[in-house]
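Heads up, the thing below is written out as structure tokens.
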Amino acid sequence: MPVERLQNYVGGEWISPDVQSVHVVHNPATGEPIGETPLCGAAEVDAAVQAARAAFASWRRTPVEERIQYLFRLKYLLEERAEDLAAVVTRENGKTLPEARGSVRRGIQMVEVACGAPSLLMGQALEDIATGIDCESVRQPVGVFTCIAPFNFPAMVPMWFFPFAVACGNTFVNKPSEQVPFSQKLVWELIHEAGFPPGVLNLVNGGRDVVNGFLEHPDVAGVSFVGSSPVAEHVYRTAAAHGKRVQALGGAKNFIVVMPDADMDHALDAIHESAFGCAGERCLAASVVVPVGGCHEAVREGLRERMGRVKVGDGAAPGVDMGPLISGPHRDRVVEYIETGVREGARLVVDGREGAPTGGYFLGPTLFDGVTPEMKIGSEEIFGPVLCVMPVDTLDDALELTRQQPLANAGSIFTTSGKHARKYRYEVEASMTGVNIGVAAPMSFFGFGGSKGSFYGDLKAHGREAFDFYTHRKVVISRW
Ligand code: NAD
């Protein structure tokens, strides 16, 4: 049976790009093909950027109060279709329905915060900077912005960007991950229904050729990227070399410190969810748990016991705790890490290769103990349901471990001591920092992004920082 081929949305219309090459999209829970993403290139990028550029002239003059009315309508439509959107996320990504619902909710919250643009876009003013001379600083939109998204949050990640960009008066071109194009198709159908003027929001499907098209296009003002660190670095360097604004959010290796004084039940529940929720395919997932002092055994055994209760299966089925990985090649890559960990001499406590369902890209939760920072499994991003235990003696040792790790996206401490918590939050380098929290998640009203090799750029995503990224500040000095 033929599967649906995705279209682009350019200048307010759905169009079928004239390209031969496609990426076949699978339902990861069954392995069946469900669609084809056209792998567009420079010509399709140019068409979308030109539509966005043409729309910018009048959109930037549209009063912000009018601009946000479209976002209010979009918010209403997203609420109406939230359940459908979550089902699409689960079908193309594999995560469970509750996880998909949560991600849709977080996306909708971005639209809500962007609706505050009339206040958040305000500038500053000061009278009499010299006698009879006044000074004001205003924010103006910049032009055409773009977004390049990863596979793991198909609905939410582009919403980290476009609501803020267009609320500020810019126009936009979105490129979803070629592995999960259907969620953004539905979001863009709702955008169409919300009645945004043609060209304000555009969508181009594809892979690296679309990315490189954005990075080099003279009419693209800025790029927001979310994905792995090697690609983030490429995006950052190339976009910057072409004179663009860029924020590139990369990969992660997140260390979770457990102090012996922690509320152990709470800590282990939270770490377990953090490591194995979304099958470990979260940039904020716990990758390494660091028990400090005497709690090593309690941590390992508590996790082992919880892992034994995980039900792996189709994320759309009720009662399933963990869905499949995104693809066969990605599952093979994670299995290779498990084999590497065994070869490196780590102790395999729970082996997710055993007993996982067949038919889709399933792998059970996996636990290694006795992992060291020199091991590949202890230092590289695995992006799957594999958790490493790396015991140390003191909090200082734990902090030193985290300092050695370049992918400093997130980190947490579990403790009942204010002194330990304060020391940790003060010294840790990961910029998303949790205290008794398993996933220090992106909140729409705060900025979001990692540090060191997890983030290339300076201004982070959403929150107030979005209004800096998406505007140019102009200072006006007047004497009458
Ligand atoms: P990826 O880097 O393979 O792909 C991300 C995007 O870049 C996709 O749209 C893809 O089409 C494009 N791309 C891939 N290779 C490219 C290349 N060589 N040149 C140009 N473009 C290219 O990432 P992924 O596998 O889709 O997503 C998983 C990664 O994303 C993990 O590393 C994860 O940690 C990271 N991630 C980070 C965050 C964050 O907030 N820091 C959030 C989600 C995911």
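Ligands are counted one by one from 1 in listed order, and the atoms in each one are counted from 1 as well. Since the structure is predicted, the reported quantities are computational estimates derived from the model, not experimental observations.
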Return yes if some donor-acceptor pair links the side-chain N/O of Glu344 with the main-chain N/O of Ala346 below 3.5 Å, else return no.
-> no

NZ (Lys452) with more than 12 external heavy atoms under 6.0 Å | yes

Asn152, portion touching ligand 1 at heavy-atom distance under 4.0 Å = side chain

Could an N or O of ligand 1 be found under 3.5 Å from any N or O of Phe151, whether backbone or side chain?
-> yes

Distance to 0.1 Å, residue and atom name: give those for the protein heavy atom nearest to atom 37 (C) of ligand 1.
-> Gly250 O, 3.0 Å

Enumerate donor-acceptor pairs with a distance under 3.5 Å from any side-chain N or O in residues 205-215 to protein atoms, sequence neighbours excluded.
from   : atom 1 : to     : atom 2 : distance (Å)
Asn205 : ND2    : Gln7   : O      : 2.9
Asn212 : OD1    : His234 : NE2    : 2.8
Asn212 : ND2    : Arg208 : O      : 3.2

Nearest non-hydrogen contact to atom 2 (O) of ligand 1 from the set Gly206, Ser228, Pro442, Ala252 belongs to Ser228

Considering distance alone, does some N or O of Phe448 sit under 3.5 Å from an N or O of ligand 1?
-> no

Closest non-hydrogen contact found for Val223 with Phe469 is O-CZ, 3.8 Å

For atom 14 (C) of ligand 1, what's the nearest protein heavy atom and its distance?
-> Val231 CG2, 4.1 Å

Just checking, is any N or O donor in the side chain of Gln184 or Asn174 under 3.5 Å from an acceptor N or O on the other one?
-> yes

Please confirm whether Phe153 comes under 4.0 Å of ligand 1, counting heavy atoms of the residue only.
-> no

Ligand 1 contact by Gly450, heavy-atom criterion under 4.0 angstrom = no

Provide the number and element of each atom of ligand 1 under 4.0 Å from a heavy atom of Ile148.
-> 6 (C), 7 (O), 9 (O)

Tell me: protein heavy atom nearest atom 9 (O) of ligand 1, and distance?
-> Ala149 O, 2.7 Å

Would the number of heavy atoms belonging to other residues, nucleotides or ligands and lying under 6.0 Å from CZ of Phe446 be above 12?
-> no

Trp59 and Phe172: ring-ring contact (aromatic ring centres under 6.0 Å, His included), yes or no, with the steps?
-> CA-CA 11 Å; Trp59 184 245; Phe172 203 85; over 10 Å; no

Which option, Pro150, Gly227, Ser229, owns the non-hydrogen atom nearest atom 35 (C) of ligand 1?
-> Gly227

Minimum non-hydrogen distance to atom 17 (C) of ligand 1, winning option of Glu178, His234, Arg208 | Arg208

Can you find an N/O atom of Ser454 closer than 3.5 Å to an N/O atom of ligand 1?
-> no

Measure from the ring center of His192 to the ring center of Tyr9 and say whether it is less than 6.0 Å.
-> yes

If you take all heavy atoms of Val290 and Ala398, which pair is closest and at what distance?
-> CG1-CB, 3.9 Å

Does the protein place any heavy atom closer than 4.0 Å to atom 32 (O) of ligand 1?
-> yes

Salt-bridge present (Arg105, Glu79; N to O < 4.0 Å) = yes

Any ion pair linking Arg282 and Glu273 (charged N to carboxylate O, less than 4.0 Å)?
-> yes

Please tabulate, for side-chain N and O atoms in residues 159-170, each donor-acceptor pair with protein atoms closer than 3.5 Å (sequence neighbours left out).
from   : atom 1 : to     : atom 2 : distance (Å)
Asn170 : OD1    : Val142 : N      : 2.6
Asn170 : OD1    : Gly143 : N      : 3.0
Asn170 : ND2    : Ala165 : O      : 3.0
Asn170 : ND2    : Tyr470 : O      : 2.9

Give the contacting part of Trp160 toward ligand 1: side chain, backbone, both or neither, where contact means a heavy-atom distance below 4.0 Å.
-> side chain

Salt bridge present between Glu339 and Arg343 (N-O < 4.0 angstrom) = no

With only distance considered, is Lys175 within less than 3.5 Å of ligand 1 through an N or O on each side?
-> yes

For the residue pair Tyr361 and His26, does the interplanar ring angle fall in the parallel (under 30°), tilted (30 to 60°) or perpendicular (over 60°) class?
-> perpendicular

Between Val157 and ligand 1, is there a nitrogen or oxygen pair with a distance under 3.5 Å?
-> no

Compute the shortest N/O to N/O distance between Glu381 and ligand 1 and return yes if it is under 3.5 Å, no if not.
-> yes

Is the shortest N/O to N/O distance between Phe225 and ligand 1 below 3.5 Å?
-> no

Per-residue contact class, Val226 against ligand 1 - non-hydrogen pairs under 4.0 Å = both

Salt-bridge criterion met for Lys253 and Glu380 (N-O under 4.0 Å) = no

protein heavy-atom neighbour closest to atom 39 (C) of ligand 1 works out as Cys283 SG, 3.3 Å

Report, in ascending order of atom number, the atoms of ligand 1 lying under 4.0 Å from any heavy atom of Val211.
-> 12 (C), 20 (C), 21 (N)

The atoms of ligand 1 lying under 4.0 Å from a heavy atom of Gly251, numbered in the order shown, are 32 (O), 34 (O)

For ligand 1, which atoms, with element, lie under 4.0 Å from some heavy atom of Asn409?
-> 41 (N)

Applying a 4.0 Å heavy-atom criterion (strictly less than), which segment of Phe383 is in contact with ligand 1: side chain, backbone, both, or neither?
-> side chain

